[in-house]
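Presented below is the structure to which this report refers.
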Amino acid sequence: MALAPASSGSGPVVTEVEMNAGADQGATGTVRATVVQACTVFYDTPATLDKAEKLVAEAAGYGSQIVLFPEVFVGGYPHGSTFGLTIGNRSAKGKEDFHKYHAAAIDVPGPEVTRLAALAGKYKIFLVMGVVERVGYTLYNTVLFFDPLGKYLGKHRKVMPTGLERVFWGFGDGSTIPVYDTPIGKIGAVICWENRMPLLRTAMYAKGVQIYCAPTADFSPSWQASMTHIAVEGGCFVLSANQFCRRKNYPPAPEYTFGGLDEEPSPESVIWPGGSSIVSPSGTVLAGPNYEGEGLLTADLDLGEIARAKFDFDVVGHYARPEVLSLTVKTESKLPVSFTSAAEKNSAAKSDGISRT
């Protein structure tokens with residue numbers, strides 16, 4: 001895979017696309033993409049990273065240039081857990097469950113991010129990895145991006161956790177909705193039911209996303225319909241990665257229990273049946289959906305299909321009506337606490353001619 005040289009001589013130029021930048025009209029060639037369908041090693045982040053490396057090595061052996069992992073693969077999706085929550089009460093066990101979940105999350109940046117970057121560099125791939133990000137005592141559902149030179153590019157935080165997810169994950173904001181302009185196309189990610197948010201999808205289309213990554217926890221039939229619709233609507237390739245997990249992949253009861261079930265599932269019971277897939281801009285399913293077990297789905301993406309699809313329908317181009325319908329995306333970081341330094345105060349005082357001590 002040829003990489004464009006950076007002006008500094010330090011590596012390829014991989015930049016975040018600005019809003020309304022549009023797609024690269026010259027995008028051509030074929031990109032080999034792999035979607036990973038596998039289960040987290042729950043509560044064991046080092047073992048999960050070891051598993052990720054084996055899967056990346058296998059994908060690289062197939063000649064893959066981009067590898068997508070499922071939603072929160074590192075840190076895990078707490079499927080069936082209630083964290084001991086009822087309205088007005090949180091149980092002691094639920095608090096301990098959160099303590100363990102918090103411990104399995106990762107700091108960004110941090111040693112696990114460094115390891116993932118090295119992994120991408122070792123196997124010369126673009127790596128898109130779902131993680132549970134830890135910021136103090138708040139957790140985020142996050143996707144991390146890495147390039148083939150072993151560089152961490154940035155992240156997307158899920159802007160709207162779904163249902164009970166809102167009690168253990170924080171909310172992302174408009175500052176982490178990136179699309180990266182890479183030598184294999186413009187890459188971005190939208191997580192699980194964010195994909196049902198038409199305005200967020202439109203923001204991604206406005207950035208010219210070409211390889212649209214959709215890590216998820218949704219294995220319903222309607223999810224496949226959504227992936228096909230997004231591929232056609234956005235004129236982009238859609239990569240969807242989900243986990244396939246059995247009861248034995250989670251800690252045993254009573255350490256880990258599944259709420260809402262009449263009885264404890266057997267070790268071989270399928271808790272999470274996958275459904276990963278790859279869809280072209282024409283709506284053709286190139287790989288999957290896989291409901292059989294863990295595995296890799298690989299397909300060759302003909303980037304020329306994007307232009308052919310956009311000729312029919314360009315949602316933020318010739319098929320848009322901005323004088324009737326338009327969207328404003330607020331990309332500022334929203335912080336709960338901001339501190340103004342003494343130097344900033346003095347500068348402000350000088351500018352308004354008022355002396356402050």
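Given the structure is predicted, the values throughout are model-derived calculations rather than measurements.
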message: Please determine whether side-chain contact (heavy atoms from CB on, under 4.5 Å) holds for the pair Thr182 and Asp147, giving the CA-CA distance in whole Å, both sets of side-chain angles, and the decisive distance to 0.1 Å.
response: CA-CA 9 Å; Thr182 81; Asp147 76 7; over 6 Å; no
- request: Tell me, with the steps shown, if Asp50 and Lys54 meet salt bridge (charged side-chain N to carboxylate O under 4.0 Å, His left out).
  value: CA-CA 7 Å; Asp50 290 342; Lys54 292 178 182 177; over 6 Å; no
- prompt: Same hydrophobic cluster for Phe244 and Ile278, using side-chain heavy-atom links shorter than 4.5 Å among ILVMFWY?
  reply: no
query: Taking the inter-plane angle between the rings of Tyr319 and Phe313 on a 0 to 90° scale, is it parallel (under 30°), tilted (30 to 60°) or perpendicular (over 60°)?
result: tilted
- prompt: In Å and rounded to the nearest 0.5 Å, what is the OG to CZ distance from Ser276 to Phe69?
  reply: 11.5 Å
query: Do Met204 and Met197 share a hydrophobic cluster (ILVMFWY, side-chain heavy atoms under 4.5 Å, transitive)?
result: yes
- prompt: If you draw a 6.0 Å radius around CD in Glu268, do more than 12 non-hydrogen atoms from other residues or ligands fall strictly inside?
  reply: yes
Side-chain donor-acceptor contact under 3.5 Å, Thr216 with Asp218: no
query: In terms of side-chain geometry, is the basic nitrogen of Arg321 or Glu323 positioned less than 4.0 Å from the acidic oxygen of its partner?
result: yes
query: Is atom NE2 of His99 surrounded by more than 12 heavy atoms (other residues, nucleotides or ligands) closer than 6.0 Å?
result: no
In one Ile/Leu/Val/Met/Phe/Trp/Tyr side-chain cluster, 4.5 Å: Val41, Val56: no
- prompt: Is there side-chain contact between Phe219 and Trp272, with heavy atoms separated by less than 4.5 Å?
  reply: yes
task: Please round to the nearest 0.5 Å and tell me the distance separating atom NE2 of His102 and atom CG of Asp97.
output: 14.5 Å
query: Do Ile106 and Leu144 pass the side-chain contact (heavy atoms from CB on, under 4.5 Å) test, and can you show the C-alpha distance, the side-chain angles, and the key distance before you say yes or no?
result: CA-CA 11 Å; Ile106 67 171; Leu144 306 181; 4.3 Å; yes
query: For Asn195 and Tyr212, does a side-chain donor sit closer than 3.5 Å to a side-chain acceptor?
result: yes
- request: Please report the C-alpha distance between Ser277 and Gln224 in whole Å, then the side-chain angles of each, then the deciding distance to 0.1 Å, and finally whether the side-chain hydrogen bond (donor to acceptor under 3.5 Å, both in side chains) criterion is met.
  value: CA-CA 8 Å; Ser277 62; Gln224 300 304 324; 3.1 Å; yes
query: Taking atom CD of Glu133 and atom OG1 of Thr138, what is their separation to the nearest 0.5 Å?
result: 10.5 Å
query: Can you tell me if Thr284 uses its side chain to pair, donor with acceptor, with the backbone of Leu286 under 3.5 Å?
result: no
task: Among Asn141, Val190, Val143, find the one that has a side-chain contact (heavy atoms from CB on, under 4.5 Å) with Pro215.
output: Val143
- prompt: Tyr140 and Val113: same hydrophobic cluster, using ILVMFWY side-chain contacts below 4.5 Å?
  reply: no
- request: Given side-chain contact (heavy atoms from CB on, under 4.5 Å), test Phe171 with Met160 step by step and report yes or no.
  value: CA-CA 6 Å; Phe171 293 58; Met160 176 52 71; 3.6 Å; yes
field: Glu112/Arg134 salt bridge by N-O under 4.0 Å criterion
entry: no
- prompt: Is Lys310 reaching over with its side chain to a backbone N or O of Gly234, donor-acceptor style, under 3.5 angstrom?
  reply: yes
message: Taking CZ in Arg166 as the centre, count heavy atoms belonging to other residues, nucleotides or ligands within less than 6.0 Å. Is the count above 12?
response: yes
message: Evaluate Asp181 against Val179 for side-chain contact (heavy atoms from CB on, under 4.5 Å), listing each step before the verdict.
response: CA-CA 7 Å; Asp181 191 358; Val179 169; over 6 Å; no
message: Is it the case that over 12 heavy atoms from other parts of the model lie below 6.0 angstrom from the NZ atom of Lys95?
response: no
query: Is the backbone of Thr40 close enough, under 3.5 Å, to the side chain of Gln243 for a donor and an acceptor to pair up by distance?
result: yes
message: Do Pro148 and Gln65 have side chains that approach each other closer than 4.5 Å (heavy atoms only, starting at C-beta)?
response: no
- request: Give a yes or no answer on whether the side chain of Lys207 reaches the backbone of Ile177 with a donor-acceptor pair at less than 3.5 Å.
  value: yes
- request: Assign the ring pair Tyr152 / Phe146 to parallel, tilted or perpendicular, where the plane angle (0 to 90°) is split at 30° and 60°.
  value: tilted
message: Measuring centre to centre across the rings, with the benzene-like ring taken for any Trp, is Phe258 within less than 6.0 Å of Tyr250?
response: yes
task: Specify the closest pair of heavy atoms between Pro252 and Arg247, including all atoms of both residues, with the distance to one decimal.
output: C-NH2, 3.6 Å
- request: For Tyr291 and Gln37, run side-chain hydrogen bond (donor to acceptor under 3.5 Å, both in side chains): C-alpha distance rounded to whole Å, both residues' side-chain angles, the deciding distance at 0.1 Å, then the answer.
  value: CA-CA 10 Å; Tyr291 296 105; Gln37 179 163 294; over 6 Å; no
task: Examine distances only and state if a side-chain atom of Thr257 and a backbone atom of Pro254 form a donor-acceptor pair shorter than 3.5 Å.
output: no
query: Between the main-chain N or O of Arg157 and the side-chain N or O of Thr176, is there a donor-acceptor pair closer than 3.5 Å?
result: yes
message: Hydrophobic clusters here meaning ILVMFWY residues chained together by side-chain heavy-atom distances under 4.5 Å, can you tell me if Leu297 and Val270 are in one?
response: no
message: Ignoring hydrogens, what is the shortest heavy-atom contact between Pro161 and Trp169? Give both atom names and the distance.
response: CG-O, 3.9 Å
Check: Ala309 main-chain N/O paired with Asp312 side-chain donor or acceptor under 3.5 Å: no
- request: Spell out, as yes or no, whether a donor-acceptor pair under 3.5 Å connects the side chain of Lys330 to the backbone of Asp173.
  value: no
field: CZ-SG distance between Arg201 and Cys236, expressed to the nearest 0.5 angstrom
entry: 10.0 Å
message: Once rounded to the nearest 0.5 Å, what's the spacing between atom CD1 of Ile211 and atom CG of Leu301?
response: 5.5 Å
message: Return the OG1 to CD distance between Thr142 and Glu71, rounded to the nearest 0.5 Å.
response: 10.5 Å
query: Quick one: do the Tyr77 and Glu165 side chains pair a donor with an acceptor below 3.5 Å?
result: yes
message: Between Ser64 and Ala59 (side chain of the first, backbone of the second, donor and acceptor by atom type, cut-off under 3.5 Å), is there such a pair?
response: yes
message: Determine whether a donor-acceptor pair (N or O, by modelled atom type, separation under 3.5 Å) exists between the side chain of Lys122 and the backbone of Gly150.
response: no
- prompt: Passes side-chain hydrogen bond (donor to acceptor under 3.5 Å, both in side chains), Thr48 versus Thr45? Steps please.
  reply: CA-CA 5 Å; Thr48 298; Thr45 296; 5.5 Å; no
field: Distance-minimising heavy-atom pair for Leu55 and Ala38
entry: CD1-CB, 3.7 Å
